[in-house]
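A short write-up of the structure that comes next.
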Amino acid sequence: MYRHRYLPGKKIDDETMDRIFTSFQKIYAKHGVKVIGAWENAADASETYLITAYRDRAHFQEAIAGMSEEPEYAELGKAFQGTRELVEAVTLNPLPGSPE
């Protein structure tokens, strides 16, 4: 899971975010990463969450390495430069009995 917080007044507009997120999803899919979804904090629109699923730790490392070599991935990332004060990656492990 990735948690992002925009700087005050720097949130990317919905139309631009839709274009960027759609492009990111294609790159994730190319590397076998399942995008569960993206959300905005209902109490604080400057905070967003992205949840992605990897088969395991090795797949995560392989996918990140592969995506970082994609020129479009790097270009899309530039759209966020100067807009965020926080980017936090959190690794979640499924609880027993949880659907995967």
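Reckoned from all heavy atoms, side chains included, excluding hydrogens, waters and symmetry mates.
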Any non-hydrogen side-chain atom of [X] less than 4.5 Å from a side-chain atom of [Y]?
| X | Y | result |
| --- | --- | --- |
| R3 | L86 | yes |
| E72 | I27 | yes |
| L50 | V35 | yes |
| R5 | D44 | yes |

Does one hydrophobic cluster hold both I64 and F21, with members joined at side-chain heavy-atom distances below 4.5 Å?
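As far as the 4.5 Å side-chain criterion goes, F21 and I64 are connected within one cluster.
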With a sphere of 6.0 Å drawn around CD of E15, does it hold more than 12 non-hydrogen atoms of other residues, nucleotides or ligands?
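Open: at most 12 neighbouring heavy atoms sit under 6.0 Å from CD of E15.
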For the residue pair S23 and L76, what are the closest heavy atoms and their distance?
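For S23 and L76, the tightest heavy-atom pair comes out as CB-CD1, 3.6 Å.
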For the student: nearest non-hydrogen atoms of M67 and V33, plus distance:
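Heavy atoms of M67 and V33 come nearest at CE-CG2, 4.5 Å.
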Could you work out the complete set of other residues in the hydrophobic cluster of L7, with links drawn between I, L, V, M, F, W and Y side chains under 4.5 Å apart?
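None, because no other hydrophobic side chain comes under 4.5 Å of this residue.
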Going by the rule ring-ring contact (aromatic ring centres under 6.0 Å, His included), which residues pair with F24 if we only count those two or more places apart in sequence or in a different chain?
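Here the qualifying residues are Y73.
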Are the side chain of S68 and the backbone N or O of A65 linked by a donor-acceptor pair below 3.5 Å?
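Indeed, once roles are kept as given, a pair shorter than 3.5 Å links the two residues.
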Strictly distance-based, threshold 3.5 Å: is any side-chain N or O of S98 a donor or acceptor partner for the main-chain N or O of P94?
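No, S98 side chain to P94 backbone: no donor-acceptor pair under 3.5 Å.
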Would you please name every residue forming a side-chain contact (heavy atoms from CB on, under 4.5 Å) with A89, sequence neighbours left out?
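Partners of A89 under the side-chain contact (heavy atoms from CB on, under 4.5 Å) test: Y2.
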So how far is it from [X] [atom1] to [Y] [atom2], rounded to the nearest 0.5 Å?
| X | Y | atom1 | atom2 | value |
| --- | --- | --- | --- | --- |
| N41 | H4 | CG | NE2 | 14.0 Å |
| E40 | S46 | CD | OG | 8.5 Å |
| D56 | Q61 | CG | CD | 9.0 Å |
| R19 | D13 | CZ | CG | 9.0 Å |

Would you list the pairs meeting ring-ring contact (aromatic ring centres under 6.0 Å, His included) in which at least one residue belongs to residues 34-56, sequence neighbours left out?
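Pairs touching residues 34-56 that pass the test: Y54-H59, Y54-F60.
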Any residue meeting side chain to side chain donor-acceptor pair (under 3.5 Å) with Q81, in chain and number order, not counting sequence neighbours:
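Expected list: none.
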List in chain and number order the residues that pass side chain to side chain donor-acceptor pair (under 3.5 Å) with K30, two or more places apart in sequence or in another chain; answer none if no residue qualifies.
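Applying side chain to side chain donor-acceptor pair (under 3.5 Å) to K30 gives E70.
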Is K11 salt-bridged to E47, cutoff N-O under 4.0 Å?
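No, K11 and E47 are not salt-bridged.
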Test side-chain contact (heavy atoms from CB on, under 4.5 Å) on T52 and M1; report intermediate values, then the result.
CA-CA 6 Å; T52 54; M1 177 183 78; over 6 Å; no
